[in-house]
Amino acid sequence: MKSPVTLAAIFAVALAATPVFADDFPSAISVSGEATISAAPDLAHIDAGVANDAKTAKEASDANNAAMGKVLLALKGAGIDEKDYQTSRLSLQPMYATSSKVSESQRGIVSFRASNRVTVRIRDVTKVASVIDTLVTAGANDVGNISFEVTQASKLLDGAREQALADARRKAEIYAKAAGVTLGAPLAITEGGGAVPMFKARMAPAPMAAAAPVPISPGEETLSVSVSVSWAIKAKEQ
């Protein structure tokens, strides 16, 4: 068993060697900075659809194709480019009897339901209400999933990035002053990830004709950016 004197000597040697390894890991202060900006959305998406019931699958499908054809023609007539709308869902399903007087084993197919949905991209958000009116007037009986977004979010955040870095430096200087050291050059800068906020809303199934224009307000989106920075530090000169 090693004596207490021997153990003390080993511990002293280890302490003496510590500064040599410390030279490979510069002292630093690591902080994060944040900044936000507000921007008006410049793009909108609308999901709309038509559904038709009939006694046979063919009748339901034919009626649905004709209904969606009118909706697509209306979009084209409203000046929406064909590349800005596409089919998002198409289905044909049997409908079963639901009467409480009929046993589950006796419930058979009583009709078929065909549905078709289209997603529309609107590049002028001031026209969202008029596009919805166009869809409803053309026969769309389910309109919803409206979303707004800022397409140039990353570019708009460039100014906020400078503000976030300045915020990080401000915090680092506070810590450096409190610790009695001097702030040096940044050793590493990492931007934090985060999804750009997007407003979404759901509309109830619309009637075949709109009584009045649908009130739509895109508002503003709050875009945020964060940055993590490690700053080198050194002792203050005496």
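Quick caveat, the model's predicted, so the values are computed rather than measured. Residue numbers start at 1 and run along the sequence shown.
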Notebook entry, point to check: Are there more than 12 heavy atoms of other residues, nucleotides or ligands under 6.0 Å from atom CD of Q86?
Noted result: no
Next item on the list: List for me each residue that meets salt bridge (charged side-chain N to carboxylate O under 4.0 Å, His left out) alongside D42, sequence neighbours excluded, and say none if there are none.
Entry: none
Next item on the list: Consider only side-chain heavy atoms of I, L, V, M, F, W and Y, link residues closer than 4.5 Å, and tell whether V131 and L72 are in one cluster.
Entry: yes
Checklist line | Nearest non-hydrogen partners of A28 and I233, listed with the distance | finding: N-CG1, 3.9 Å
Check: Is a donor on one side and an acceptor on the other found under 3.5 Å between the side chain of N65 and the backbone of S61?
Finding: yes
Note to self: Do V71 and L135 make a side-chain contact, defined as non-hydrogen atoms from C-beta onward lying under 4.5 Å apart?
What the structure shows: yes
Item checked: Audit row: V50, D142, side-chain contact (heavy atoms from CB on, under 4.5 Å) steps and yes/no -> CA-CA 6 Å; V50 292; D142 187 3; over 6 Å; no
Check: Cluster question for you: counting only ILVMFWY and a side-chain heavy-atom cut-off of under 4.5 Å, with indirect links fine, are L43 and I132 together?
Finding: no
Note to self: Test of understanding: with salt bridge (charged side-chain N to carboxylate O under 4.0 Å, His left out), list the residues that count as partners of D53, not counting sequence neighbours.
What the structure shows: R113
Check: What about V227 and I29, same hydrophobic cluster or not, with Ile/Leu/Val/Met/Phe/Trp/Tyr joined at side-chain heavy-atom distances under 4.5 Å?
Finding: yes
Next item on the list: Answer yes or no: does atom CD of E34 have more than 12 heavy-atom neighbours from other residues, nucleotides or ligands under 6.0 Å?
Entry: yes
Next item on the list: Taking side-chain contact (heavy atoms from CB on, under 4.5 Å) as the test, write out the residues that go with K76, two or more places apart.
Entry: E82, Y85
Notebook entry, point to check: Quick one: CG on L183 to CD1 on I174, what's the gap to the nearest 0.5 Å?
Noted result: 11.5 Å
Notebook entry, point to check: Could you give the distance from CG (D47) to OG (S88), rounded to the nearest 0.5 Å?
Noted result: 4.5 Å
Next item on the list: Run the salt-bridge test on K177 and E173 with the 4.0 Å N-O cut-off and return the result as yes or no.
Entry: no
Checklist line | Atom pair OG1 (T134) and CG (L75), whose distance is rounded to the nearest 0.5 Å | finding: 7.5 Å
Check: Which distance, rounded to the nearest 0.5 Å, do you find between the CD of E149 and the OG1 of T151?
Finding: 7.0 Å
Note to self: I'd like to check the salt bridge (charged side-chain N to carboxylate O under 4.0 Å, His left out) partners of D158; sequence neighbours left out, ordered by chain and number.
What the structure shows: R161
Notebook entry, point to check: Which distance, rounded to the nearest 0.5 Å, do you find between the OG1 of T222 and the CD1 of I37?
Noted result: 9.5 Å
Margin query: Once side-chain contact (heavy atoms from CB on, under 4.5 Å) is applied, do any residues pair with S130, and if so which ones, sequence neighbours excluded?
Written below: K127
Next item on the list: List in chain and number order the residues that pass salt bridge (charged side-chain N to carboxylate O under 4.0 Å, His left out) with R121, two or more places apart in sequence or in another chain; answer none if no residue qualifies.
Entry: D84
Checklist line | Heavy-atom closest contact (F148 atom, P41 atom, distance) | finding: CB-CB, 3.7 Å
Checklist line | Side-chain (N52) to main-chain (A60) donor-acceptor, under 3.5 angstrom | finding: no
Note to self: Walk me through whether L223 and T36 qualify under side-chain contact (heavy atoms from CB on, under 4.5 Å).
What the structure shows: CA-CA 6 Å; L223 310 177; T36 61; over 6 Å; no
Margin query: If you apply the rule side-chain contact (heavy atoms from CB on, under 4.5 Å), what do you find for K55 with V110, and how did you get there?
Written below: CA-CA 7 Å; K55 290 185 177 181; V110 295; over 6 Å; no
Margin query: Using modelled atom types and a 3.5 Å cut-off, is there a donor and acceptor pairing between side-chain atoms of K171 and backbone atoms of S32?
Written below: yes
